[in-house]
2 protein chains.
Amino acid sequence: MAKFIANINVMPLKALLDPQGKAVTGSMKNLGLPEIENVRIGKHITLEIEAASKDAANVKVDEACKKLLCNQIMEGYEFSLAELK
Amino acid sequence: MAKFIANINVMPLKALLDPQGKAVTGSMKNLGLPEIENVRIGKHITLEIEAASKDAANVKVDEACKKLLCNQIMEGYEFSLAELK
């Protein structure tokens, strides 16, 4: 069994409003950073997983995203896997 | 002026408890994914920035992280910049 670390990004879908991001975009102007725009805020999740192979880990992480980490109605996800030495 | 897109990860510091991550780690077991552990949950932020050069954009994004996006007492951040074509 090998150990993998997964880096998962869960972001609000492009088609949907992101009120938190909108608020932060507005605050940037007040902070003297008007050149920053289109802020979008999602979740970054790291986790460790034990699996026989990278493919097996891939399937498990995908299952975790679909079942728990990501609300697919409002969010999309992507992840990458790296072996932990 | 060029436009850059920044991908920022803000994560709870390793030395600190991450109660949200702990709760999710526990839920993984109930979902039939006991091989997943050590879940940590932070924020993933994307933003667009207009700047004269990549170095200038770098300075601005760093400033945005320190002033608004990241609470450096409890969180650490890292980011990457890519030019938008």
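Here is the naming used below: chain letters follow the sequence lines, and residue numbers restart at 1 for every chain. Side-chain atoms are counted along with the backbone in the values below, which use heavy atoms only and exclude waters and symmetry mates. Given the structure is predicted, the values throughout are model-derived calculations rather than measurements.
- Once rounded to the nearest 0.5 Å, the distance linking CG of B/Asn7 with CG of A/Asn9 reads 7.5 Å.
- Clustering of Ile, Leu, Val, Met, Phe, Trp and Tyr by side-chain heavy atoms under 4.5 Å joins A/Ile5 with A/Leu84.
- Hydrophobic clustering (ILVMFWY, side-chain heavy atoms < 4.5 Å, transitive): A/Val59 and A/Ile8 are in distinct clusters.
- A/Leu31 and B/Leu69 end up in the same hydrophobic cluster when Ile, Leu, Val, Met, Phe, Trp and Tyr side chains are linked at under 4.5 Å.
- Shown here is A/Lys22, whose NZ atom has no more than 12 heavy atoms of other residues, nucleotides or ligands within 6.0 Å.
- B/Gln20 is linked by a side-chain hydrogen bond (donor to acceptor under 3.5 Å, both in side chains) to nothing, counting only residues two or more places apart in sequence or in another chain.
- Criterion: ILVMFWY side-chain heavy atoms under 4.5 Å apart, direct or through other members. Under it, A/Leu13 and A/Met11 are not part of a common hydrophobic cluster.
- Heavy-atom minimum distance, A/Ser27 versus B/Leu68: CB-CD2, 3.7 Å.
- For A/Lys67, the side-chain hydrogen bond (donor to acceptor under 3.5 Å, both in side chains) partners two or more places apart in sequence, or in a different chain, are A/Glu63.
- Listed in order of number, the residues of residues 36-51 of chain B that approach chain A to under 4.5 Å between heavy atoms are B/Ile36, B/Glu37, B/Asn38, B/Val39, B/Arg40, B/Ile41, B/Gly42, B/Lys43, B/His44, B/Ile45, B/Thr46, B/Leu47, B/Glu48, B/Ile49, B/Glu50.
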